[in-house]
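Report on one structure; see the data block that follows.
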Amino acid sequence: MENEIMTDLQLEELPTIEESQLSAPTFPKRRDRVAEREKKLRKNARLFYRVYFISIAAVLCILLILMIPLRSWLVRFESTQPDSYSRQVFSDLFAQQDWGKVYDAAQLEDTDFETREDFIAYMQAKAKEKDISFYETSAGLSKDHKYIVQLGNEKIATFYLASQVNEKNKKTEWSVSSLELEVNRSHSVTVQRLPGYTVLINGKEVSDDYIVRTITTKAEEYLPEGIHGYTLEELYIDGLMTPPTVEVKNQDGNIVPTVYSVADNCYQLDLPVDEMTEDQRDVILGAAKANALFAIRAIGTGDLSKFFDYTSQIYKDICNTPTFIQSFASYSFDESVTAISDFYRYNDNLFSARVTLQLDITRKNGTVKSLDMNTTYIFTKNANGTFMVTDITNVNLQEQVEQVKLTFDCNGTVVESVMVDMHAATITLPQISVPEGQELLGWATREVAGNGQVTMNILFVPDANGTAPVSSGTLEPMTLYAIFGEKGAVRND
C-alpha cells in the first residue's frame, strides 16, 4: 500500500512535458549526409558520361573523316587487283550476255556469209538456259593472268590481264591484253548449180572461188562453139557457225528447186529428165539403121541422105567407107539388142543419142555374120526444120569428166589452187621455198578430232620432177599443207 502511495506521489512530482515541446536532436543526421553524397555522385556520374560519350562521338567523327580518303584508296587499290578487275571484265562483257558488245571487244569481223547479227543469234541460242561463269587458269611462263569463260561446261572465251606501272602515280594497273572467242565454225555445205546459175548462202552470193568440182561430158569436144553439154558445178562453203539458208537461182533470177542429201550434206539440183519424143526416137533409129544398111550397101546414098546431112563431112566419110561385106542373101535386125541411150538435148536445134543394134547378115552359103554397132549420133535441125545427122562417133558423149580443186597451203598462205582430173594418175605439186636447214617432207591433209587434236596425213611426196602418184585412184577436193622436217633426219613413213 505504501508502495502504491509512493508511486503516485512520485508521479505527481515529475514535470509534465507536452508532445509539442519534443524536438529533434541538434546533431546532423547520418541519413542526410548519405543522401547528399549520393546526390553529388549522381551529378558527377552524369557529367562523366556526358563527357565520355561526347569524346567517343568526337573520336568516331574524326575516324570517319579520316576513313573517307582511306576508303577511296582501298577501293582504288582493290579495283587495280587482278581478281577484282577480272570480275569487272566478266561483269561488263559476259554476265549481261551482251553478245554484240563481246563481238566488238574481240574485234571479230564479218565473214563472207555471216555477220555480227548472225553471231549474236548464234550465241543467244547457245546460251539459252545455261549458266555463264569464269575461272582463272595457269598462263604458263607469262606474267599475265588467264581466265576461261564457260557456258555450262563449254568453253566460249579466254581473256588475259596484263599489268603495267602508271608513270604518274607509280601504281600497278591491269588491263585486258587479249580476248579470244571460241566460235565453233564447223558447219559446211555443198551446193550444186548449172553454169549461169547463182548460189546464195544466207542471202549472199557465192563467187566462183568456191567451186571445188566440175562435171562435164565428152560432148564438149564435138559440139559447135558456144554450145555446151551437161555441166554441173559444186560449190563448197565451210567455216559457218550454223547451218545456212541456201537458195539457187537461174539466169532469170527465179529460185530453182533443190533436194538436200543428208548423206552428202549437199543441196542437189532437182533437174527434170529430158525425155525424147516419138518423132526423135524414129529419126534416131532410122539414122542408125540406115548407117548399118549402107555399110553392106543394102541401101544407096539417096536413102542415106534422108537421115544424114549430105553437106556434112561425116556423110562424105560414110560414102567413102568400104562395104562391110561383098554379098549377102538376106539380113535382119535383132530387135532384142536394139536400144537408145544417153539421149541429151543441148538446145532446141541440137541433140544426140547413142544407139546399140545388131544387124545379122546371112551369106549366100547360109552362114551368118553380125554387124554390131554402138554409135553416138549428133542431130542438127536444118533450114527446113528437119533433124539430120551431122556427126557420129563411137565415143559415149555423155561419159562424165570430173575435175576437183586442190588447194596448196604453205605456212598459212595459199600458194596455188588448181582443178585436176579426179582420175589423174599423177599430180604436179607446186614449187615452194624450203626453210633453211629443213626439207619438204610432203603435202598433207589436216584432220581435227572432236577434242581438238590435229592430225596431219602426208598424201603426196614430190619426186625429182615435182610430181607424185595418186595412190588412192581418185581425187577429192582437198586442201594440202606443206610439211617440213629437219634436213637429213630419218623418217618413218
Side-chain angles (χ1 to χ4, degrees), residues 110-115 118 185-276 342-352 396-408 414 416-424 474-480:
D110 293 352
T111 65
D112 289 345
F113 308 107
E114 292 179 323
T115 65
D118 294 319
R185 298 184 179 274
S186 61
H187 290 277
S188 62
V189 69
T190 301
V191 187
Q192 293 181 347
R193 76 175 187 187
L194 296 181
Y197 280 27
T198 302
V199 174
L200 301 175
I201 297 293
N202 295 332
K204 298 175 179 62
E205 184 175 340
V206 183
S207 70
D208 293 347
D209 294 337
Y210 290 86
I211 296 175
V212 296
R213 187 192 303 270
T214 60
I215 303 174
T216 58
T217 62
K218 292 187 175 181
E220 300 298 320
E221 302 174 13
Y222 296 85
L223 298 175
E225 186 177 354
I227 298 178
H228 300 282
Y230 175 83
T231 303
L232 190 68
E233 298 171 340
E234 287 188 356
L235 293 82
Y236 177 72
I237 302 94
D238 62 354
L240 302 172
M241 293 182 291
T242 58
T245 58
V246 178
E247 289 182 331
V248 180
K249 294 184 178 180
N250 60 20
Q251 296 93 328
D252 299 326
N254 298 321
I255 296 177
V256 298
T258 58
V259 177
Y260 178 69
S261 170
V262 176
D264 300 324
N265 187 29
C266 178
Y267 285 83
Q268 301 171 346
L269 292 177
D270 188 14
L271 298 173
V273 178
D274 194 5
E275 299 287 351
M276 74 181 81
D342 298 316
F343 173 84
Y344 192 86
R345 187 173 65 88
Y346 305 96
N347 57 33
D348 292 339
N349 301 316
L350 187 67
F351 68 85
S352 68
N396 179 5
L397 297 187
Q398 302 314 308
E399 181 180 342
Q400 293 186 349
V401 178
E402 293 191 39
Q403 288 193 317
V404 296
K405 185 177 185 179
L406 300 182
T407 301
F408 296 89
V414 175
E416 187 176 75
S417 289
V418 293
M419 302 294 293
V420 300
D421 189 333
M422 72 173 298
H423 298 292
T474 59
L475 292 168
E476 291 294 329
M478 66 181 81
T479 298
L480 296 163

Under 4.5 Å between any side-chain heavy atoms of [X] and [Y], yes or no?
X    : Y    : result
E220 : H228 : yes
L271 : L194 : yes
N265 : V189 : yes
L350 : L223 : yes
D264 : T190 : no
V246 : I237 : no

Could you work out, with side-chain contact (heavy atoms from CB on, under 4.5 Å) as the rule, every residue matching [X], not counting sequence neighbours?
X    : result
V418 : L406, F408, E416, V420
I215 : R213, Y230, L232, Q400, E402
Q403 : T214, M419
V259 : D270

(request) Could I get the full list of ring pair (Phe, Tyr, Trp, His ring centres under 6.0 Å) partners for Y210, not counting sequence neighbours? (result)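 Ring pair (Phe, Tyr, Trp, His ring centres under 6.0 Å) list for Y210, sorted by chain: F113.
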(message) Among residues at least two apart in sequence or on other chains, which ones pass ring pair (Phe, Tyr, Trp, His ring centres under 6.0 Å) with F351?
(response)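 Counting only residues at least two positions away or on another chain, F351 forms a ring pair (Phe, Tyr, Trp, His ring centres under 6.0 Å) with F343, F379, F387.
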Rounded at 0.5 Å granularity, tell me how far [atom1] in [X] sits from [atom2] in [Y].
X    : Y    : atom1 : atom2 : value
L480 : M478 : CG    : CE    : 5.5 Å
L269 : E234 : CG    : CD    : 9.5 Å
M422 : E476 : CE    : CD    : 5.0 Å

(request) Would you mind listing every side chain to side chain donor-acceptor pair (under 3.5 Å) that reaches into residues 238-258, with sequence neighbours excluded? (result)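 Residue pairs passing side chain to side chain donor-acceptor pair (under 3.5 Å), neighbours aside: N202-T245.
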What residues, two or more places apart in sequence or in another chain, satisfy salt bridge (charged side-chain N to carboxylate O under 4.0 Å, His left out) together with [X]?
X    : value
R185 : E114
D110 : none
E399 : K218

(request) Identify the heavy atoms of D421 and L475 that sit nearest to each other, and give their distance. (result) O-CD1, 3.8 Å
(request) Please report the closest heavy-atom contact between Y344 and G229, naming both atoms and the distance. (result)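 Reported closest heavy-atom pair: OH-C, 3.8 Å.
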(message) Could you go through D342 and L397, starting from their C-alpha distance and side-chain angles, then the distance that decides it, and tell me whether this counts as side-chain contact (heavy atoms from CB on, under 4.5 Å)?
(response) CA-CA 8 Å; D342 298 316; L397 297 187; over 6 Å; no
(request) Could you name each residue pair satisfying salt bridge (Lys or Arg N to Asp or Glu O under 4.0 Å) that touches residues 191-212, not counting sequence neighbours? (result) R193-D208, R193-E233
(message) Please list all pairs meeting ring pair (Phe, Tyr, Trp, His ring centres under 6.0 Å) that have one or both residues in residues 233-271, counting only residues at least two apart or in different chains.
(response)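 Residue pairs passing ring pair (Phe, Tyr, Trp, His ring centres under 6.0 Å), neighbours aside: Y260-Y267.
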